[in-house]
Amino acid sequence: MRLTAITIFPDYFSPLSLSLIGKAEEEGLISTEIVNLRDFATGVHRSVDDTPYGGGAGMVMRADIWGDAIDSVSASSKAKIIDLVILTPSGRRFTQRDAVALSKAEQILFACGRYEGIDARVGEFYGTQDRFRVHHLSIGDYVLNGGEVAALVVMEAVIRLLPGVLGNPDSLAEESHNDEGFLEYPVYTKPPTWRGVDVPDVLLSGNHGEIARWRRENSQIVSSEGS
Ligand code: ADE
């Protein structure tokens, strides 16, 4: 899978070289590409934004500059379909289900807006292009300074689902998916007593049937739909 981010702050993406994601890239399971939007700005100040039509506070990122950046990524891409993810607090709430769907993508292109956002015609235009599937996604009901952190969240949720990325693939199976969501139960490790607090006896019993039952009974169902 190829993961591309277009941003005016490429350094935000340095964590991609760390941990399991860094290893996934070293092993060729993914390739990442960070594109500086400012490289497509033409004016003397290389500005990428302008005042909003209709007035109001803040600045809006220009469609022409975004279009040139996206076209350049598209021109150098081998993917048949590019999933264009536009991060915005007004997008649909990103869920585990989206992560699973995006984990099947050939290439995901993350558009990281800043200021008051990206001119709406960018999403509209690429939505009409056969090669693109456009998703407006939010990672939660709060406003960040830009889409970069949100893109990292979506990247991590997607990349860990790719075959070979997790050291122990059982970890994925354990997040047992069903229509209701996924199950998460309390976990413990050594020592068996810590500051007077014991690990539940059943987990030390070696009885796998009982352990599975205890875990089911003590699971929180985290909805795939968000709440
Ligand atoms: N950009 C700013 N806030 C955001 C959020 N909550 N989700 C996605 N992108 C954003």
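Position 1 is the first residue of the sequence, and the numbers go up from there.
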Check: Leu109 and Asp83 side chains under 4.5 Å, non-hydrogen atoms: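 SC-SC contact between Asp83 and Leu109 ruled out.
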side-chain contact (heavy atoms from CB on, under 4.5 Å) for Glu25 and Ser31? Distances and angles first, verdict last. CA-CA 6 Å; Glu25 178 140 32; Ser31 67; 4.1 Å; yes
Do Ser74 and Arg131 have side chains that get closer than 4.5 Å, going by heavy atoms? yes
Which value, rounded to the nearest 0.5 Å, describes the distance between Ile108 atom CD1 and Leu84 atom CG?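 The CD1 atom of Ile108 sits 11.0 Å away from the CG atom of Leu84.
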Would you check if Arg114 and Phe9 make a side-chain contact, meaning some heavy-atom pair closer than 4.5 Å? yes
Are Leu161 and Leu29 grouped together when hydrophobic residues (ILVMFWY) are joined by side-chain heavy atoms under 4.5 angstrom apart? no
Kindly determine whether Tyr185 and Glu217 satisfy side-chain contact (heavy atoms from CB on, under 4.5 Å), including the steps that lead there. CA-CA 9 Å; Tyr185 44 79; Glu217 285 168 4; over 6 Å; no
Under the side-chain hydrogen bond (donor to acceptor under 3.5 Å, both in side chains) test, which residues partner Asp68, sequence neighbours left out?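 Partners of Asp68 by the side-chain hydrogen bond (donor to acceptor under 3.5 Å, both in side chains) criterion come out as none, since no residue qualifies.
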State yes or no: do Val202 and Val187 share one hydrophobic cluster built from I, L, V, M, F, W and Y residues joined by side-chain heavy-atom distances below 4.5 Å, directly or via other members?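 No: no chain of side-chain contacts under 4.5 Å links Val202 to Val187.
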Tyr188 side chain near Leu203 side chain, heavy-atom distance below 4.5 Å: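 Yes. Closest side-chain heavy atoms under 4.5 Å.
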Determine whether Phe13 and Thr32 make a side-chain contact, defined as any pair of heavy atoms from C-beta on separated by less than 4.5 Å.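 No, side chains not in contact.
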Non-neighbouring partners of Pro89 that pass side chain to side chain contact (heavy atoms under 4.5 Å, CB included), sequence neighbours left out: Val143
Quick one: does Asn207's side chain have a donor or acceptor within less than 3.5 Å of a partner on Gly209's backbone? yes
Using a distance-only test with no angle check, is there a side-chain donor-acceptor pair under 3.5 angstrom linking Thr4 and Gln107?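 Yes, because at least one side-chain N or O of Thr4 sits under 3.5 Å from a partner of the opposite role on Gln107.
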Going by side chain to side chain contact (heavy atoms under 4.5 Å, CB included), name the residues that satisfy it together with Pro15, two or more places apart in sequence or in a different chain. Leu18, Leu152
Grouping I, L, V, M, F, W and Y whenever their side-chain heavy atoms are under 4.5 Å apart, do Val154 and Leu162 come out in a common cluster?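 Yes, it is one cluster - the side chains of Val154 and Leu162 are joined through contacts under 4.5 Å.
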Under the ring pair (Phe, Tyr, Trp, His ring centres under 6.0 Å) definition, can you give me all pairs with a residue in residues 104-133, not counting sequence neighbours?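 Of all non-adjacent pairs touching residues 104-133, those that pass ring pair (Phe, Tyr, Trp, His ring centres under 6.0 Å) are Tyr126-Phe132.
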Using a 3.5 Å cut-off and no angle test, enumerate the donor-acceptor pairs between side-chain atoms of residues 37-51 and protein atoms at least two apart in sequence or in another chain.
from: Arg38; atom 1: NH1; to: Arg46; atom 2: O; distance (Å): 2.9
from: Arg46; atom 1: NH2; to: Arg38; atom 2: O; distance (Å): 3.0

Of Arg97, Arg133, His135, the one forming a side chain to side chain contact (heavy atoms under 4.5 Å, CB included) with Leu102 is His135
Should we count CZ of Arg213 as having more than 12 external heavy atoms under 6.0 Å? no
Using the salt bridge (charged side-chain N to carboxylate O under 4.0 Å, His left out) rule, collect all pairs that involve residues 6-17, keeping only residues at least two apart or in two chains.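 As it turns out, there is no salt bridge (charged side-chain N to carboxylate O under 4.0 Å, His left out) pair with a partner in residues 6-17 once direct neighbours are skipped.
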Between Ser138 and Arg92, is there a side-chain donor-acceptor contact under 3.5 Å, judged purely by atom types and distance? no
Pairwise side-chain contact, Arg160 with Ile21, heavy-atom cut-off 4.5 Å (strictly under):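 A side-chain contact under 4.5 Å is absent here.
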Between Lys78 and Glu106, is there a salt bridge with N-O shorter than 4.0 Å?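 Judged by the 4.0 Å cut-off on N to carboxylate O distance, Glu106 and Lys78 do not form a salt bridge.
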When you look at Val158 and Met1, which way does the side-chain contact (heavy atoms from CB on, under 4.5 Å) test go after all the steps? CA-CA 10 Å; Val158 169; Met1 175 185 285; 4.0 Å; yes
Heavy-atom side-chain contact between Ile34 and Leu16 under 4.5 Å: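 A side-chain contact exists here, since the closest heavy-atom pair is under 4.5 Å.
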Any ion pair linking Arg93 and Asp98 (charged N to carboxylate O, less than 4.0 Å)?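 Salt bridge absent between Asp98 and Arg93.
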Neighbour count >12 (heavy atoms, 6.0 Å) for atom CD, Glu156: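 Counting neighbours around CD of Glu156, 12 or fewer heavy atoms of other residues, nucleotides or ligands fall under 6.0 Å, so no.
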Checking Ile6 against Val73 for the side-chain contact (heavy atoms from CB on, under 4.5 Å) test, could you report, in this order, the C-alpha distance in whole Å, the side-chain angles of both residues, the deciding distance, and whether it holds? CA-CA 9 Å; Ile6 303 178; Val73 169; 4.1 Å; yes
Same cluster for Val100 and Leu20 if Ile/Leu/Val/Met/Phe/Trp/Tyr side chains link at under 4.5 Å? yes
Heavy-atom closest contact (Leu87 atom, Gly147 atom, distance): CG-O, 3.7 Å
So, for Ile86 and Gly123, which heavy atoms are closest and what is the spacing to 0.1 Å?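 Smallest interatomic distance, heavy atoms only, reads CD1-CA, 3.7 Å.
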Under the side-chain hydrogen bond (donor to acceptor under 3.5 Å, both in side chains) rule, what do Arg2 and Ser77 come out as? Steps first, then yes or no, please. CA-CA 9 Å; Arg2 187 152 178 83; Ser77 164; over 6 Å; no
Hydrophobic cluster membership, with links at side-chain heavy-atom distances under 4.5 Å among I/L/V/M/F/W/Y: are Val60 and Ile118 in one? no
Minimum heavy-atom distance between Glu148 and Gly113, given as atom pair plus value: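 The pair with the smallest heavy-atom distance is OE1-O, 4.3 Å.
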Distance from Arg121 atom CZ to Arg62 atom CZ, nearest 0.5 Å?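 Reported to 0.5 Å precision, the distance equals 9.5 Å.
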